[in-house]
Amino acid sequence: MSTERTATLTVDGKTVEFPVMTGTHGPDVIDIRTLGGKTGLFTYDSGFLSTASCKSNITFIDGDKGELLYRGYPIEQLAEKCNFLEVAYLLKNGELPNAGQKADFETTIKRHTMLHDQMTKFYSGFRRDAHPMAVMVGVVGALSAFYHEALDFSDAEHRSISINRLIAKLPTIVAMAYKYNKGEPFMYPRNDLDYTANFMHMMFGTPCEKYEPNPVLVRALDVIFTLHADHEQNASTSTVRLAGSSGANPFACISAGIACLWGPAHGGANEACLNMLEEIGDVSRVNEYIARAKDKNDSFKLMGFGHRVYKNFDPRATLMRKVCNEVLAELGLENDRLFKLAMELEKIALEDEYFVEKKLYPNVDFYSGIVQKALGIPTSMFTCIFALARTVGWITQWEEMITDPEYKIGRPRQLYTGAARRDVPAIAQRP
Ligand code: SDX
């Protein structure tokens, strides 16, 4: 990272200079950490439209080129040539594993897939019809009530154990939330299956008969995990970093990330998108909803469309559409009503001047609901799947933050627009 250039700010006749930092890829940034001290002024950037909140070596997005890199590798190549655990190893360690490292990592993760048996009792505290994301927020946060022996995060070994536990246990936790909702018995992990096949076994298997996951569907879900693994400083990752900056334990931080991801503007969009497609119901009604999305007086937004960073296309949406095609073909659902409706909606929206002018394109959530529904995953579980995969990115970003020598507790200021200072009146004088 270089800082030869400077930016000059002149306010009230006073001129101050700030270094301009250049990274490997992407826009340069103005280092304004001394702005308050030099000028008494703060910047204002609600929603962080023009703010780099940290330095990071993990993931890079080029919104104009539609490019997503994990540790420098394009998402298209990772989705084709690696499985999710290899990608998890890459995000966590910065390099892809060789054959020996891959085998060791797989074995380590397999050794942590079970939950403390007492945690199964947490589920019975929830209503059967509780949203599974509510269950996940609770159960993942509760992990910190069970793993006291590795909570010293200045110790790299403790961090590694906690990271491996989270990567290993999230599939079990998600599958248990699904089983609890259905009223079916929990399925224990099977160490003879790989990561994603084991997850499908825990989701769809029963004690009554042997469940052999379809390898085409396993591969499809594994790619979906890879596509969701990390994505720079999105809302939920920023939540995890901010929670972690106070020294909170990683389980609590991931629980905070899950809570943030749940929102329909973020990870909840895949569930909202499928519900929207069901509501539209038929191609004949697409234009009615396109009109609503364009209507300033209507709060309706086309779920699965638009992105803060991608202003041409979300490479994950392109890959997700391919996975969707493969799964529907494998299941003989090529004429799936919702898939055809989604493709028609995408075609119409991409030709509409409003969407073109505002650079609104399908994002990762647009097709993910359709393919997950075809895989037998219920709509309410879609964001749980997203959270399962994004846990790898969240926990990697958490570790990068707490091991950064420059890291401080995150504490933004504000522009105060409330009442001016005033004295408390006696109650008799209050209007
Ligand atoms: C994810 O940040 C990440 O990386 C997130 C994510 C990840 O991997 O972590 O990629 C995952 O969250 C994907 C996004 C999923 N959300 C949705 O699909 C919900 C629908 N999309 C919108 O809510 C919206 O596009 C956002 C939240 C995704 C982005 O919002 P921004 O960047 O704040 O943009 P904006 O809301 O200011 O929109 C700009 C304009 C606005 O119109 P004007 O005020 O300029 O007139 O575009 C309009 C918006 O009204 N607009 C839409 C729209 N999205 C934006 N209009 C109709 N339908 C939409 N979907």
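Both counts, for ligands and for their atoms, begin at 1 and track the order of listing. Any value given below was found using the heavy atoms of this structure, including those in side chains, with hydrogens, waters and symmetry copies removed.
Of the options Y70, F386, F382, a ring-ring contact (aromatic ring centres under 6.0 Å, His included) to H228 is made by F386 and by none of the others.
The shortest non-hydrogen separation linking G47 to R308 is O-NH1, 2.9 Å.
By the definition of a contact as any protein heavy atom under 4.0 Å away, atom 41 (C) of ligand 1 is not in contact. Within 4.0 Å of atom 32 (O) of ligand 1, at least one protein heavy atom is present. For atom 38 (O) of ligand 1, no protein heavy-atom neighbour is present inside the 4.0 Å cut-off. Under the 4.0 Å distance rule, the nearest protein heavy atom to atom 10 (O) of ligand 1 falls inside the cut-off.
Checking only distances, D314 never comes within under 3.5 Å of ligand 1, N or O to N or O. The shortest N or O to N or O distance between L360 and ligand 1 is not under 3.5 Å. Looking at ligand 1, you won't find any N or O of F300 less than 3.5 Å from one of its N or O atoms. Annotation: D365 places no N or O atom under 3.5 Å from an N or O atom of ligand 1; distance criterion only. Inclusion of G304 in the set of residues having an N or O under 3.5 Å from an N or O of ligand 1 is warranted. Distances between N or O atoms of V364 and those of ligand 1 include no value under 3.5 Å.
No side-chain donor-acceptor contact under 3.5 Å links D45 and S50. Judged by distance alone, the side chains of N234 and T237 do bring a donor and an acceptor atom under 3.5 Å apart. No side-chain donor from either of N181 and S380 sits under 3.5 Å from a side-chain acceptor of the other. Residues N164 and T108 have side chains that never bring a donor and an acceptor to within less than 3.5 angstrom of each other. A donor-acceptor contact closer than 3.5 angstrom links the side chains of Q397 and Q233. The closest side-chain donor-acceptor pair between H266 and S236 falls under 3.5 angstrom. Neither side chain, Y178 nor E184, offers a donor N or O lying under 3.5 Å from an acceptor on the other. Counted by atom type alone, E279 and Y289 present one or more donor-acceptor pairs between their side chains at under 3.5 Å.
Heavy-atom separations between Y310 and ligand 1 are all 4.0 Å or longer. Proximity of E232 to ligand 1 is not established, as no heavy-atom distance is less than 4.0 Å. Residue contact annotation: K294 has no non-hydrogen atom under 4.0 Å from ligand 1. The shortest separation from a heavy atom of H228 to ligand 1 is not under 4.0 Å, leaving the residue out of contact.
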Can you check side chain to side chain donor-acceptor pair (under 3.5 Å) on N98 and Q101, steps first, answer last? CA-CA 5 Å; N98 60 35; Q101 290 162 333; 3.3 Å; yes

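Contacts with ligand 1 closer than 4.0 Å are made by backbone heavy atoms (N, CA, C, O) of P264 only, the side chain lying farther away. Only the side chain of Y354 comes within 4.0 Å of ligand 1, counting heavy atoms alone; its backbone N, CA, C and O stay farther away. Contact annotation: for H307 versus ligand 1, heavy atoms closer than 4.0 Å belong to both the backbone and the side chain.
Closest protein heavy atom to atom 21 (N) of ligand 1: F305 O, 2.8 Å. Nearest non-hydrogen protein atom to atom 12 (O) of ligand 1 is H266 ND1, 2.9 Å. Among all protein heavy atoms, the one lying closest to atom 2 (O) of ligand 1 is N234 CB, 3.4 Å. Of all protein heavy atoms, the one closest to atom 14 (C) of ligand 1 is N363 ND2, 3.5 Å. Among all non-hydrogen protein atoms, the one lying nearest atom 57 (C) of ligand 1 is A293 O, 3.6 Å. Looking only at protein heavy atoms, the nearest one to atom 58 (N) of ligand 1 is L302 N, 3.0 Å. Of the protein's non-hydrogen atoms, the one nearest atom 27 (C) of ligand 1 is A265 O, 3.8 Å. Nearest non-hydrogen protein atom to atom 17 (C) of ligand 1 is A269 CB, 3.4 Å.
Within ligand 1, the atoms closer than 4.0 Å to a non-hydrogen atom of G306 are 25 (O), 28 (C), numbered from 1 in the order shown. Using a 4.0 Å cut-off to heavy atoms of K296, the atoms of ligand 1 that qualify are 42 (O), 43 (P), 44 (O), 46 (O), 50 (O).
For the pair N83 and R219, the minimum side-chain heavy-atom distance is below 4.5 Å. Looking only at side-chain heavy atoms (C-beta outward), F339 and L333 stay at 4.5 Å or farther from each other.
At least one test fails for K179 against the ring of F204: distance under 6.0 Å to the centre or angle within 45° of the axis. Figure legend: cation-pi geometry between R292 and F300, with NZ or CZ positioned under 6.0 Å from the six-membered ring centre and within 45° of its axis.
Taking a cutoff of 4.0 Å between a charged side-chain nitrogen and a carboxylate oxygen, D352 and K294 qualify as a salt bridge.
Proximity annotation for atom 7 (C) of ligand 1: of H231, R308, K358, K301, H231 comes nearest, heavy atoms only.
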